[in-house]
Amino acid sequence: MSWTYLFLAGLMEVGWAVGLKYTDGFSRLWPSVWTVLAMVLSLFLLGQSLKSLPVGTAYAVWTGIGAVGAAVLGIILFGDSRSVLRLASIGLIVAGIAGLRISA
């Protein structure tokens, strides 16, 4: 169950990272509310996963999911760069997440 919590925590991290773009510096009420809720839920789920996962592994996977998700959604939603180097770097993060999961 810890890996499920960690995966969901990572998805919530993606949500709040992307949500920050929509808050306009926390000047828009509802995007700000949803972003803060995603932050709280992300940290709660990360905490739940840490009951049985090593902190280094859990934190690296959590931030990795957030980084990959935010980068991919940045490309899709905001027209961020799709350069080969950027995509390869995202792939390396995914490989690192997979490696941590396999080795845990």
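Linking ILVMFWY side-chain heavy atoms closer than 4.5 Å, directly or via other members, places Tyr22 and Val40 in two distinct hydrophobic clusters. Clustering ILVMFWY residues whenever any of their side-chain heavy atoms sit less than 4.5 angstrom apart, transitively, puts Tyr59 in the very cluster that holds Leu41. The hydrophobic clustering, which links ILVMFWY residues whose side-chain heavy atoms are closer than 4.5 Å, places Leu85 and Leu87 apart. Hydrophobic clustering (ILVMFWY, side-chain heavy atoms < 4.5 Å, transitive): Trp3 and Leu11 are in one cluster. In the hydrophobic clustering of ILVMFWY residues, with side-chain heavy atoms under 4.5 Å counting as a link, Ile102 and Leu100 come out apart.
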Review point. Can Val61 and Arg101 be said to form a side chain to side chain contact (heavy atoms under 4.5 Å, CB included), step by step?
Key: CA-CA 8 Å; Val61 170; Arg101 174 62 179 106; 5.8 Å; no

Practice item. Please assess Leu53 against Tyr5 for the test side chain to side chain contact (heavy atoms under 4.5 Å, CB included), listing each intermediate value before the final yes or no. Key: CA-CA 11 Å; Leu53 294 175; Tyr5 287 143; over 6 Å; no

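Under a 3.5 Å cut-off, the side chain of Arg86 and the backbone N or O of Ser81 do form a donor-acceptor pair.
The two residues Leu50 and Ala58 have their closest heavy-atom pair at CD2-CB, 3.5 Å. Across every non-hydrogen atom of Ser49 and Ser2, the tightest pair is CB-O, 3.4 Å. Of all heavy-atom pairs spanning Ala70 and Val18, the tightest one is CA-CG2, 4.3 Å. For Val14 against Gly66, the heavy-atom pair with the smallest separation is CG2-CA, 3.7 Å. Closest approach of Ala9 to Leu45, counting heavy atoms only: CB-CB, 3.6 Å.
Atom CZ of Phe44 has 12 or fewer neighbouring heavy atoms from other residues, nucleotides or ligands inside a 6.0 Å radius.
From Arg82, atom CZ reaches atom CD1 of Ile75 across 6.5 Å, with rounding to the nearest 0.5 Å. The structure places CG of Leu43 at 7.5 Å from CH2 of Trp16, a figure rounded to the nearest 0.5 Å. A distance of 10.0 Å separates CD1 in Ile97 from CZ in Phe7, rounded to the nearest 0.5 Å. Separating the CD atom in Glu13 from the OG1 atom in Thr63 is a distance of 6.5 Å, to the nearest 0.5 Å. The structure places CG of Leu6 at 9.5 Å from OG1 of Thr57, a figure rounded to the nearest 0.5 Å. To the nearest 0.5 Å, atom CE of residue Met12 and atom CG of residue Leu46 are 13.5 Å apart.
For the side-chain contact (heavy atoms from CB on, under 4.5 Å) with Val33, the qualifying choice from Val36, Leu29, Thr35 is Leu29, the only one to do so.
Side-chain contact check for Trp62 and Ser42: at least one donor-acceptor pair (N or O, by modelled atom type) lies under 3.5 Å.
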